[in-house]
Colleague: 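Let me give you the structure first, and then I'll get to my questions.
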Amino acid sequence: MERMFSVLKFGGSSVASATNMSRVLDLVEKEASGRRVILVASAISGCTNALLSGDPAQVDEMEKRHRSIVKRLFTGGEQLAVQQRTDALFRELREAPEEEKVTYGEILSTTLLDAKLKAEGYRTCWLDSRELVVRDDEQKTFANIAAAVSAAPEVEVFVAPGFICRSAEGRVCTLGRGGSDYSAALYAAAVQAASLQIWTDVPGIMTTNPRQVSRARTIPRMSYDAALQMAGHGAKVLYAPTVAPAMQAGIAIEILNTFAPEGGKTVISADVRETGPVGLASQEKGSVSEICLVHSSELTRAEEALTQAGIAPLRLWEEEGNLLLTVRPAVEKMALQALHRAFFEVLPVKEVCLFIAGYGAVGKALAQMVDRTGPTVEERTGKVLRLVGVANSRQYSIDLGGHPGAPCREGDYVAEVCARAPKGSVFVDCTNSETLYQRYPELFAAGLNVVSSNRRSFAVPYATYALLHAAARENGAFFRYETTVGAALPILESISRGTNSCDEVLSIEAVVSCTLNQILGDYRPGGESFASLVRKAQEAGLTEPDPRQDLGGRDALRKLLILAREAGVRLEEEEVEVTPVIPKELFDVPMERFYEDLEAAEPLFAAAGREADVQGFRRRFVASLEKTPSGGFRAGIGIRNVPPVHPAYHLRGTENAIIVRSAFHPYPLVIQGPGEGAREAASSILNDILR
Ligand code: ASP
Ligand code: MG
């Protein structure tokens, strides 16, 4: 087998409608661009139950649903052909022996998927699981599948019904309720697949059933055994027999959410060894509910949690490395909530591990500060910060013992952090990277919090920004970036406090460009030229490598986006009217020419400066957001002349000021103070970590 295989299995809700099927096909097509695919599918949701009911009316209803999918998925001649095929299958189904009727659900769903892929030009082959999969005989099953696949070397996507099979005697039968997962594992093991993906409607295996406990979280990585225990004790997301064939073939099982492919997922593989409790599963056992706390023996702690919630378990015992208990069904949900709280929520973190990315001035200042402030921080907050990982753009170093030294290893730092970080760790982004933020969701899913001083991550569309926050929320993580505006000044926190309490922002004026505050503050018409002040600022490291980034308002724009969004305004970059400080033509010339041309533009600056002087104003570079009478917002960036009563009038050096007017208060909130410096940034990051 020259090209490697991926096996993708989709459950009933993933194929429940034409829209969902299209989603499935997108995912399959993406995978098929690099691998050969075996697509295994369940019946559309509700179908298996309908067919098992023996009620002809329910079969009619299913026929309607399939017809409407065909109508929406296909057009023209194709639609006709697929409809005829579906009609024929329903005729067959109605005449089939009672015990075989249930097998048509998967035949129908996969027939539609196969036809659609063919219509889109893929070379496909529908595999008849009733021939290939032999119940209770995995060796025979593997041989059958391998033979069928090698007989069709040209095929890009094989499509196979899950759930259905035949018995050793040749009778058509099934693998049991939920059995499609197991079908997929059999197909994967038979072809030594490189990837086995179980696509469902929840973000992987969660710490408990999210329908019962809303704070359930995705478990990013698990051992085969833990997955087996969760599934075996009632977690519905995975059918327990699925684990063994995958484990024996050494294939990792990924559990993903069809409806949020980039969101949380679980990877079950051989290189995970859990050291603490993994999750809670529950199932009905006769007249009682049995709850299993997988991979835990902390009997006393469980007992305490239940007592606190006023629940007395009927029985509580240890078995094969798990903790088991039975309760009356009426209190199952409460018991799950109590145990989840005790074992999986906000453990009183004493020790917080820090992983720093970006080991420049700020990263190093932070490392030093963590070291120096240790005893004070512990005394004041009860937290011990431990620096365990550092990385620059090329190398990293991790030592959970707290002595990472300097970055020295090559490799994927984020992946390594995700794999090794203890729950509740904090990842600190003090890089200048424009792409690192794309990996925050991975970090959140792995149980890390993120603190960032990297404002480039926020010059993204609102939707992307919202997704990052959603990923943090879903995983119970925090995501803070106070440092990105005004360094150590508590600006974002103040704004978001107002937003939380529904105090509506009417306007924000932000004088937050350290570079321009310095330059405009020093500038006197007739004195040292504007060009010369810019050059000095550049030499002092106060500007971006190309100072035009600052003069053009790029940096202020990023800060304004952050401020606005913190105030609950969905501002987009395009909506901000930016008036650059220098004439437009100067943006396109080479650096040396730039300074010459800027010098030549001196009369412009001098005239504007003189005019301000005459009126008693000072010139400040202001980023502003203002509510309009129509209820919208107007955002702009540019130089403004401010009168002596304006808080920004008195700014010195690189100081920043921010003025927020809101509906609750007659007078604005004004925050003013030092707006830059590695030490300030480090202090701000530290406080984001501790808050
Ligand atoms: N359709 C079958 C069931 O509902 C098999 C599956 O979905 O895994 O049990
Ligand atoms: Mg299912």
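As the structure lists them, so they are numbered: ligands from 1, and atoms in each ligand from 1. Values below: every heavy atom of this structure, side chains too, minus hydrogens, waters and symmetry copies. The first residue of the sequence shown is numbered 1, and numbering continues consecutively from there.
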Colleague: Could you tell me which atoms of ligand 1, counted from 1 in the order shown, lie closer than 4.0 angstrom to a heavy atom of Arg177?
Modeller: 3 (C), 4 (O), 9 (O)
Colleague: Should the pair Arg94-Glu63 be classified as a salt bridge under the 4.0 Å nitrogen-to-oxygen rule?
Modeller: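 Salt bridge present between Arg94 and Glu63.
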Colleague: Would Thr48 count as being in polar contact with ligand 1, using the rule that some N or O on each side must be under 3.5 angstrom apart?
Modeller: yes
Colleague: I need the atoms of ligand 1 closer than 4.0 Å to a non-hydrogen atom of Gly179, numbered in the order shown.
Modeller: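 Going through ligand 1 atom by atom, the ones under 4.0 Å from Gly179 are 5 (C), 8 (O).
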Colleague: N/O of Lys9 under 3.5 Å from N/O of ligand 1, yes or no?
Modeller: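 So ligand 1 has no N or O lying under 3.5 Å from an N or O of Lys9.
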Colleague: Closer than 4.0 Å to some heavy atom of Ser42 - which atoms of ligand 1 meet that?
Modeller: 6 (C), 7 (O), 8 (O)
Colleague: Salt bridge check: are Glu416 and Arg420 linked by an N-O gap of less than 4.0 Å?
Modeller: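 Salt bridge between Glu416 and Arg420, a charged N being under 4.0 Å from a carboxylate O: yes.
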Colleague: Taking the six-membered ring of Phe343, is NZ or CZ of Arg301 closer than 6.0 Å to its centre and within 45° of its axis?
Modeller: yes
Colleague: Inspect the contact between Arg85 and Asp114 and indicate whether a charged nitrogen and a carboxylate oxygen are less than 4.0 angstrom apart.
Modeller: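 Not counted as a salt bridge, because no side-chain N and carboxylate O are separated by less than 4.0 Å.
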Colleague: Is Arg67 salt-bridged to Asp87, cutoff N-O under 4.0 Å?
Modeller: yes
Colleague: Are any of the N/O atoms in Gly178 less than 3.5 Å from those in ligand 1?
Modeller: yes
